[in-house]
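A short worksheet on the structure shown next.
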Amino acid sequence: MTLLENMLIAIESKQSLSLFPWGTKNKVNRDVALEYLQTVKLEEKAQQKASSLSGGQMRLLEITRSPRPIL
């Protein structure tokens, strides 16, 4: 999975189920996910596979995905 997909899953897991993937909620979630990645300086890697990250970058992704990210 890409970094963006990882972030979207983390964000969506904390929300109620949406039956319409084309709704505005998904656009907002994508924007929030990209904002989190930008905060930890990983936005340019958003479309890369998480497995391609260095150990430190992987740890940043894990922290950012946590229920209450420390940002």
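The structure presented is a predicted model; accordingly, all values stated were derived computationally and were not measured. Computed over heavy atoms, backbone and side chain alike; hydrogens, waters and symmetry mates excluded.
- Looking at every heavy atom in both residues, N6 comes nearest to R65 through OD1-NH1, 2.5 Å.
- For the pair M7/V32, no side-chain contact is recorded, criterion being any heavy-atom separation below 4.5 Å from C-beta on.
- Distance NZ/K14 to CD/E12: 11.0 Å, rounded to 0.5 Å.
- The environment of E62 atom CD is dense: over 12 non-hydrogen atoms of other residues, nucleotides or ligands sit within 6.0 angstrom.
- Using a 4.5 Å cut-off between side-chain heavy atoms of Ile, Leu, Val, Met, Phe, Trp and Tyr, with links allowed through other members, M1 and M58 fall into different hydrophobic clusters.
- Cluster annotation: L4 and I9 are assigned to distinct hydrophobic clusters (Ile/Leu/Val/Met/Phe/Trp/Tyr, side-chain heavy-atom contacts under 4.5 Å, transitive).
- Atom-to-atom distance recorded for E35:CD and D31:CG is 8.5 Å, nearest 0.5 angstrom.
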Could you tabulate the donor-acceptor pairs under 3.5 Å formed by side-chain atoms of residues 43-52, not counting sequence neighbours?
from : atom 1 : to  : atom 2 : distance (Å)
Q48  : OE1    : S52 : OG     : 3.4
S52  : OG     : K49 : O      : 2.7

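- No option in L34, T64, L42 other than L42 meets the side-chain contact (heavy atoms from CB on, under 4.5 Å) test with L3.
- With values rounded to the nearest 0.5 angstrom, I11 atom CD1 is found 11.0 Å from N26 atom CG.
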